S.K.: 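Have a look at the structure that comes next, please.
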Amino acid sequence: MIAIMIREFRTYFQTPVGYVFMGLFLLVAGFFFTFGNLLNNSSYFTSFLGNILFLYLFAVPLLTMRLLSEERRQRTDQLLLTSPITVVDIVLGKFLAAMLVFLVTLLVTALYAVVVGVFGDLAVWQTVGGYIGFILLGSSFISLGVLVSAVSENQVSAAFFTFFALLFIWFLNLVRTVAPVDPTSSTIFAAAIVLGLAGFFYANTRSWIASAVVVLLGAATIVALHLVHPRIFDGLIPDVLGWFSLLDRYDGFTLGLLKLQEVVFYLSFTSIFLFVTVRMVEKRRWA
Amino acid sequence: MIEVRNLTKRYGPHVAVDDVSFQVNKGEVVGFLGPNGAGKSTTMNILTGYLSATAGDVYVDGTNILEEPEAVKRRMGYLPESPPIYGEMTVREYLQFVCRIKKVPRNEVKDRIEQGLHRVGIAEVFNRLVGNLSKGYRQRVGLAQALMGNPDILILDEPTAGLDPKQIIEIRDLIRSLGADYTVILSSHILPEVSEICPRVMIINDGQIVADGDPTTLAGELFDASQVVITAVADEPTTRSAVSGLNGISRIEVLPASESGTTEMLIESEKNHDLRREIFEAFSRKSVPLIGLRVKNATLEEIFLELTSGVRGADVTEADA
């Protein structure tokens with residue numbers, strides 16, 4: 001794992017990717033700091049972190065596009081997978097390398113906080129909270145990028161799809177506020193989830209019976225719940241979308257609130273995406 | 001040492017490896033021979049744990065590769081069809097990385113790399129970027145990679161593909177020298193290569209092993225003198241009349257002559273009826289100069305072509321059994 005991480009970290013700076021990432025990130029961050037804090041005489045540092053959140057949209061695809069797709073394209077995955085290391089080592093090593101580049105870059109922006117601290121009043125704990133949230137959010141996005149990279153054939157498509165996945169997460173909040181909450185559409189949504197689940201079962205087991213059982217069980221559950229409590233599905237769509245809303249959860253951190261549940265959410269999101277990545281890489285060997 | 005039992009690999013409806021079983025003993029050098037797409041690479045990818053088989057098992061000294069992948073992978077060095085190299089690293093950095101993922105103890109890394117460099121002859125490019133090396137050197141770096149983990153089994157997939165003739169000879173010599181210390185399985189679609197390096201050859205076609213043995217025995221077993229090609233310095237009717245008196249000829253076909261003033265003819269006899277001696281005597285009786293007389297399919301090359309193009313597949317299985 002460490003060997004993979006070190007190699008990957010060095011590759012970032014042996015190819016232009018690392019420099020482009022750092023340059024882009026720090027250029028835009030510097031711009032926002034100069035105009036938001038310095039010229040405005042504002043010592044409100046967490047607003048700076050909030051302002052540069054959108055950078056993830058461009059920076060994460062850049063950071064993660066190569067990670068696994070390039071191994072496969074260059075066929076170096078044959079070396080990794082036939083060596084006495086596990087897929088977990090490979091995926092974690094790659095993820096940590098991307099995190100390391102991200103953290104080093106972020107460390108530079110800590111200088112801005114020092115500038116604010118020297119020349120103004122820096123809300124220290126609020127800033128620390130902001131950074132923790134920022135890093136946790138970053139790890140979630142990077143794990144998503146790692147997964148996309150694992151299922152992409154080349155780095156261009158990996159970057160492209162990561163960008164759109166992130167964009168989708170960005171718009172999730174908007175969708176959530178306009179999503180229908182009435183019982184009919186909520187029930188249809190619940191049915192759609194059941195069908196999706198059945199489709200997933202079929203894709204994995206190729207068994208019509210197993211999928212049919214899922215459909216029947218799901219339908220029975222929906223009907224039963226509906227009979228027990230007719231309005232139980234109200235607001236289901238925004239609620240489900242809310243589970244995936246990474247950005248909403250960041251708001252607390254900018255206020256300096258460090259809520260355990262949000263921390264656990266981000267860490268779970270990261271772990272689940274990395275776990276799925278490991279499964280995808282392993283599954284490929286059975287294809 | 002390596003035991004493969006009923007190995008099958010399907011890609012959807014396509015069967016890449018079809019119920020293959022074989023054993024390789026310690027110290028053997030075995031060549032997989034077959035046309036492209038015969039299932040050589042797939043078999044090797046399963047042996048090394050890169051792919052999983054649809055059915056069947058691979059054992060190395062009784063250890064199943066699926067049950068203890070790390071233990072088995074430690075004992076194997078693999079050079080895939082395209083060497084798994086990172087272009088942006090130097091040879092030094094690359095081999096150091098390989099040592100780390102092959103779990104080479106830290107204090108041995110230096111020696112291991114040193115030995116590998118000299119064994120495959122890449123010491124002079126040690127500090128160059130792998131991406132800037134020629135195909136021949138890349139192949140050697142790939143080979144050095146396979147040696148790094150100090151394995152006892154080497155699996156080399158088309159180690160000479162894409163090299164120029166001089167490099168091919170060098171790599172062949174190298175592999176022959178490795179054969180003294182390792183159990184080697186290599187694949188190729190070039191017959192002379194395999195018959196030259198490997199004391200044992202397995203001919204693979206359509207995912208099945210169609211022949212298995214040492215190259216000379218294989219050629220002997222599959223030798224069939226029922227088709228003879230002759231070249232005579234005479235016109236066609238004279239040549240025909242010379243052979244007309246012979247018994248057991250089932251077919252005569254005139255081939256395009258390669259020299260002017262000669263006639264080339266394919267004479268087919270009943271199975272396993274060797275006509276060569278009688279043909280020679282018939283021509284000498286008529287004083288027709290016979291300047292060429294050879295058995296078609298005498299070379300392993302031709303046997304291999306026939307085997308893998310399926311023309312005589314059924315016969316071979318019998319001969320092999």
Side-chain angles (χ1 to χ4, degrees), chain A residues 1-20 65-94 96-97 101 150 154-155 203-206 278-287, chain B residues 9-12 16 41 44-54 65-66 68-90 93-104 106 109 129-131 141-142 145-146 148-151 153 155 157:
Chain A
M1 184 175 81
I2 305 291
I4 303 269
M5 184 187 84
I6 292 171
R7 196 201 73 75
E8 203 62 47
F9 184 77
R10 287 170 63 162
T11 306
Y12 275 117
F13 298 101
Q14 281 165 340
T15 58
V17 179
Y19 299 104
V20 172
M65 61 183 189
R66 273 194 36 264
L67 287 178
L68 288 152
S69 61
E70 192 65 3
E71 295 280 358
R72 200 162 61 243
R73 205 185 56 78
Q74 291 194 339
R75 301 194 165 268
T76 40
D77 60 336
Q78 290 193 315
L79 168 62
L80 301 183
L81 292 172
T82 58
S83 293
I85 50 172
T86 61
V87 179
V88 175
D89 287 330
I90 298 169
V91 170
L92 268 187
K94 302 249 165 199
L96 290 177
V101 174
N154 58 62
Q155 32 179 334
N204 279 285
T205 61
R206 299 274 158 213
V278 171
R279 300 300 307 165
M280 293 312 273
V281 173
E282 276 172 355
K283 194 177 155 219
R284 218 162 243 284
R285 304 165 63 191
W286 296 92
Chain B
K9 178 74 179 177
R10 286 193 202 92
Y11 294 108
S41 293
M44 292 186 148
N45 278 331
I46 296 170
L47 286 181
T48 52
Y50 176 64
L51 290 177
S52 296
T54 312
I65 186 160
L66 282 183
E68 287 177 54
E70 285 191 35
V72 174
K73 284 173 184 175
R74 265 171 197 272
R75 306 189 51 187
M76 288 195 186
Y78 182 32
L79 172 63
E81 209 170 337
S82 62
I85 48 174
Y86 296 98
E88 71 280 356
M89 297 174 105
T90 65
E93 289 167 339
Y94 175 67
L95 292 180
Q96 281 167 346
F97 169 67
V98 171
C99 279
R100 293 205 61 186
I101 61 170
K102 299 279 181 192
K103 309 264 171 84
V104 176
R106 262 169 203 284
V109 168
L129 285 182
V130 179
V141 172
Q145 166 273 124
M148 282 300 116
N150 210 9
I153 302 165
I155 298 191
D157 195 356

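In what follows, chains carry the letters A, B, and so on, assigned in the order in which the sequence lines appear, proteins first and then strands, with residues in each chain numbered from 1. Side chains included, hydrogens not; waters and symmetry mates left out as well; all remaining heavy atoms used. Just so it is clear, the structure is predicted and the values come from calculations on it, not from any experiment.
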S.K.: Check whether B:V98 gets within reach of chain A through its side chain, its backbone, both or neither, counting any heavy atom under 4.5 Å.
M.R.: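 Contact with chain A is through the side chain of B:V98 alone.
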S.K.: Is A:E71 close to chain B through its backbone or its side chain, or both, or neither, when contacts mean heavy atoms under 4.5 Å?
M.R.: side chain
S.K.: Looking at B:Y50, does the NZ or CZ of A:R285 lie under 6.0 angstrom from its six-membered ring centre and within 45 degrees of the ring axis?
M.R.: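 The answer is no; the distance or angle limit is not met.
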S.K.: Select one option (side chain, backbone, both, neither) describing which atoms of B:L79 are under 4.5 Å from chain A's heavy atoms.
M.R.: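 Interface part for B:L79: neither.
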S.K.: Please give me the minimum heavy-atom distance between A:L81 and B:K73, naming the atom from each residue.
M.R.: O-NZ, 2.8 Å
S.K.: Against chain B, work out which of A:I2, A:D77, A:T11 has the most heavy-atom pairs shorter than 4.5 Å and name it.
M.R.: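 Among A:I2, A:D77, A:T11, the one with the most close pairs to chain B is A:D77.
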S.K.: Taking 4.0 angstrom as the limit, do A:R10 and B:E93 come out as a salt bridge?
M.R.: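 A salt bridge links A:R10 with B:E93.
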S.K.: Drop me the distance from B:I101's CD1 to A:L80's CG, to the nearest 0.5 angstrom.
M.R.: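 Rounded to the nearest 0.5 Å, the CD1-CG separation comes out at 5.0 Å.
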S.K.: Who wins among B:Q96, B:R10, B:R74 for the most heavy-atom pairs under 4.5 Å with chain A?
M.R.: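 Among B:Q96, B:R10, B:R74, the one with the most close pairs to chain A is B:R74.
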S.K.: Of all the heavy-atom pairs spanning A:T86 and B:E70, show the shortest one and how long it is.
M.R.: CG2-OE2, 3.2 Å
S.K.: Are the side chains of A:R7 and B:M89 in touch, meaning some heavy atoms are under 4.5 Å apart?
M.R.: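 They are in contact (side-chain heavy atoms under 4.5 Å apart), so the answer is yes.
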S.K.: Do you know which of B:K9, B:Q145, B:M76 has the most heavy-atom pairs with chain A at a distance under 4.5 angstrom?
M.R.: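 Among the listed options, the one with the most contacts to chain A is B:K9.
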S.K.: Taking all non-hydrogen atoms of both residues into account, name the closest pair between A:W286 and B:A53 and its distance.
M.R.: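 Between these two residues, the closest heavy atoms are CZ3-O, 3.6 Å.
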S.K.: Can you see whether A:E70 engages B:Y86 through a side-chain donor-acceptor pair at a distance of less than 3.5 angstrom?
M.R.: no
S.K.: If you apply the rule side chain to side chain contact (heavy atoms under 4.5 Å, CB included), what do you find for A:L79 with B:K102, and how did you get there?
M.R.: CA-CA 10 Å; A:L79 168 62; B:K102 299 279 181 192; 4.0 Å; yes
S.K.: Answer with side chain, backbone, both or neither: which region of B:P80 has an atom nearer than 4.5 Å to a non-hydrogen atom of chain A?
M.R.: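 Contact with chain A involves both backbone and side-chain atoms of B:P80.
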S.K.: Please determine, among A:M1, A:Q78, A:Q14, the option with the most heavy-atom pairs under 4.5 Å with chain B.
M.R.: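 Of A:M1, A:Q78, A:Q14, A:Q78 has the most heavy-atom pairs under 4.5 Å with chain B.
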